*Asks:* 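Structure incoming, see below.
For the single chain, residues carry numbers from 1 onward in sequence order. Whatever order the structure lists ligands and atoms in, that order sets their numbers, starting from 1. Here the structure is a predicted model, which means the values were calculated and not measured.
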Amino acid sequence: MKMSFMDGKRLYLRPLETTDIDRCMAWINDEEILQFLGRRHPMGLVQETEWLANQYKDEDQLNLAIVLKDGDRHIGNGGFNSIDHVNRSAVFGILIGEHDAWNQGYGSEAATLIVQYGFQELNLHRIELDVFSLNPRARRAYEKVGFKLEGTKRDSYFRHGAFHDTYVMSVLQSEWRVE
Ligand SMILES: CC(C)(COP(=O)(O)OP(=O)(O)OC[C@H]1O[C@@H](n2cnc3c(N)ncnc32)[C@H](O)[C@@H]1OP(=O)(O)O)[C@@H](O)C(=O)NCCC(=O)NCCS
């Protein structure tokens, strides 16, 4: 196990390293994943290297590697964008890049750790996210973590020749369970 930042039951979270770049690049160029992230353009090594270098430059974002304890396997990344210290809010994001790791509870376990860190260590008041209607698995995973649906942006996302809705979900510090 490399440096663990947060320890869960079956996985741990650690900072991203330059040796993770090939995996990150494969995931961010995977069309099945891209449709869920809203990204359209490919990412080459130059952009990916720049993205990684920028991850730890400022305090308003946090992106961590999600690693299975079994086999010390890096399966995805997750964290916060746009951490706002005045409004005490942040935008949550996650990507389990390895398809064979989907639907096994890893995404919700990692999200729970990250959200807990947001509330208990960063003292956030509100954590929010957007999820597309074409991604019911993600919506269900977020519900399991404790995110509540607060609105629908109708026909806001165009993909595969059609418009899809975007759901806005959030969880407040006062709603969060202490673990
Ligand atoms: C979204 C993601 C983070 C979820 O992580 P995960 O480990 O696959 O999800 P979990 O196993 O924790 O939970 C998935 C839940 O959705 C359910 N589910 C799966 N497919 C579903 C579908 N088509 N409709 C409704 N529910 C579905 C699962 O049964 C499970 O619920 P349950 O535990 O009540 O049975 C992960 O799949 C992922 O990163 N996908 C690709 C990128 C992505 O979508 N990122 C999020 C962008 S908003």
*Asks:* Protein heavy atom under 4.0 angstrom of atom 29 (O) of ligand 1, is there one?
*Replies:*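 Under the 4.0 Å cut-off, atom 29 (O) of ligand 1 has no protein heavy-atom neighbours at all.
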
*Asks:* To the nearest 0.1 Å, how far is atom 20 (N) of ligand 1 from its closest protein heavy atom, and which atom is that?
*Replies:*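 Looking only at protein heavy atoms, the one closest to atom 20 (N) of ligand 1 is Arg137 CB, 3.6 Å.
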
*Asks:* Could you identify the single nearest non-hydrogen protein atom to atom 19 (C) of ligand 1 and state the distance to 0.1 Å?
*Replies:*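 Ranked first by proximity to atom 19 (C) of ligand 1 is Asn103 OD1, 3.1 Å.
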
*Asks:* Check ligand 1 against Ser108 and write out every atom of the ligand that is under 4.0 Å from a heavy-atom position of the residue.
*Replies:*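 Reading through ligand 1 atom by atom, the close ones are 10 (P), 12 (O).
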
*Asks:* Taking only heavy atoms of Ala138, which atoms of ligand 1 are found under 4.0 Å from at least one of them?
*Replies:*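 So the answer, numbered in order with elements, is 1 (C).
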
*Asks:* Would a search of protein heavy atoms around atom 2 (C) of ligand 1 find one under 4.0 Å away?
*Replies:*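 False for atom 2 (C) of ligand 1.
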
*Asks:* Just need the protein heavy atom nearest to atom 41 (C) of ligand 1, so name the residue and atom and give the distance.
*Replies:*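 That would be Trp102 CZ2, 3.7 Å.
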
*Asks:* Which residue holds the protein heavy atom closest to atom 47 (C) of ligand 1, what is that atom called, and what is the gap in Å?
*Replies:*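 The closest one turns out to be Phe36 O, 3.6 Å.
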
*Asks:* For ligand 1 and Lys144, I'd like to know whether there is a polar contact (N/O to N/O, distance under 3.5 Å).
*Replies:*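 Such a contact does occur with ligand 1.
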
*Asks:* In this structure, which one of Leu64, Asp60, Val91, Ile127 forms a side chain to side chain contact (heavy atoms under 4.5 Å, CB included) with Phe80?
*Replies:*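 Filter result, single survivor: Ile127.
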
*Asks:* Do me a favour and list the nearest non-hydrogen protein atom to atom 15 (C) of ligand 1 with residue, atom name and distance?
*Replies:*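 For atom 15 (C) of ligand 1, the nearest protein heavy atom comes out as Arg140 CG, 3.4 Å.
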
*Asks:* Name the closest protein heavy atom to atom 5 (O) of ligand 1, giving the residue it belongs to and the distance to 0.1 Å.
*Replies:*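 Result: Gly107 CA, 3.3 Å.
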
*Asks:* Specify whether the nearest protein heavy atom to atom 35 (O) of ligand 1 is under 4.0 angstrom away.
*Replies:*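 Protein heavy atoms within 4.0 Å of atom 35 (O) of ligand 1 - there are none.
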
*Asks:* Describe, in one word, how the ring planes of Trp176 and Phe119 are oriented to each other, choosing from parallel (under 30°), tilted (30 to 60°) and perpendicular (over 60°).
*Replies:*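 Rings of Trp176 and Phe119: tilted, 30 to 60°.
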
*Asks:* Under 3.5 Å, is there a donor on one side chain and an acceptor on the other for Asn54 and Gln61?
*Replies:*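 Short answer, no.
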
*Asks:* Do the rings of His164 and His160 sit parallel, tilted or perpendicular, given the 30° and 60° boundaries?
*Replies:*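 Taking His160 first and then His164, their aromatic rings stand perpendicular (interplane angle over 60°).
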
*Asks:* Any chance CD of Glu50 has more than 12 other-residue heavy atoms, nucleotides or ligands included, within less than 6.0 Å?
*Replies:*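 Counting neighbours around CD of Glu50, 12 or fewer heavy atoms of other residues, nucleotides or ligands fall under 6.0 Å, so no.
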
*Asks:* Can Glu175 and Lys148 be counted as an ion pair, charged N to O under 4.0 angstrom?
*Replies:*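 Salt bridge between Glu175 and Lys148, a charged N being under 4.0 Å from a carboxylate O: yes.
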
*Asks:* Does any N or O of ligand 1 fall below 3.5 Å from an N or O anywhere on Ile96, backbone included?
*Replies:*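 Yes: some nitrogen or oxygen of Ile96 is under 3.5 Å from one in ligand 1.
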
*Asks:* Side chain or backbone, does Gly105 bring an N or O within less than 3.5 Å of an N or O on ligand 1?
*Replies:*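 Gly105 vs ligand 1: N/O contact under 3.5 Å present.
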
*Asks:* Under a 4.0 angstrom heavy-atom cut-off, which atoms of ligand 1 come close to Leu95?
*Replies:*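 Reading through ligand 1 atom by atom, the close ones are 39 (O).
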
*Asks:* Return the closest protein heavy atom for atom 23 (N) of ligand 1 as residue, atom name and distance.
*Replies:*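 It is Pro136 CG, 3.6 Å.
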
*Asks:* State whether Lys144 and Glu109 are salt-bridged, where the test is any N-O pair (Lys NZ or Arg NE/NH1/NH2 against Asp/Glu carboxylate O) under 4.0 Å.
*Replies:*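 The answer is no: the pair does not qualify as a salt bridge.
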
*Asks:* For the atom pair CG (Leu13) and CG (Asn77), what is the distance rounded to the nearest 0.5 Å?
*Replies:*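 Leu13 CG to Asn77 CG: 10.0 Å, rounded to 0.5 Å.
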
*Asks:* Heavy-atom distances under 4.0 Å decide this one: backbone, side chain, both or neither, for Trp27 against ligand 1?
*Replies:*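 Neither; no heavy atom under 4.0 Å.
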
*Asks:* Under 4.0 Å from a heavy atom of Asn135: give me the atoms of ligand 1 that qualify, with their elements.
*Replies:*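 Answer, ordered by atom number: 43 (C), 44 (O), 46 (C), 47 (C).
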
*Asks:* Out of Leu16, Leu52, Asn81, which one pairs with Asn63 under the side chain to side chain contact (heavy atoms under 4.5 Å, CB included) rule?
*Replies:*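 Running side chain to side chain contact (heavy atoms under 4.5 Å, CB included) over Leu16, Leu52, Asn81 with Asn63 returns exactly one hit, Leu16.
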
*Asks:* Check ligand 1 against Ile94 and write out every atom of the ligand that is under 4.0 Å from a heavy-atom position of the residue.
*Replies:*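 Near Ile94, meaning under 4.0 Å from one of its heavy atoms, ligand 1 has 3 (C), 45 (N), 46 (C).
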
*Asks:* Taking atom CD of Glu48 and atom OG1 of Thr18, what is their separation to the nearest 0.5 Å?
*Replies:*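 Here the interatomic distance stands at 12.0 Å.
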
*Asks:* So does Arg73 pair up with Asp100, basic N to acidic O under 4.0 Å?
*Replies:*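 Yes, Arg73 and Asp100 are salt-bridged.
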
*Asks:* Starting from atom 48 (S) of ligand 1, find the nearest protein heavy-atom neighbour and note its residue, name and distance.
*Replies:*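 The closest heavy atom on the protein side is Tyr142 OH, 3.2 Å.
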
*Asks:* Under 4.0 Å between a Lys/Arg side-chain N and an Asp/Glu carboxylate O for Glu150 and Arg126?
*Replies:*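 Counted as a salt bridge, because a side-chain N and a carboxylate O are separated by less than 4.0 Å.
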
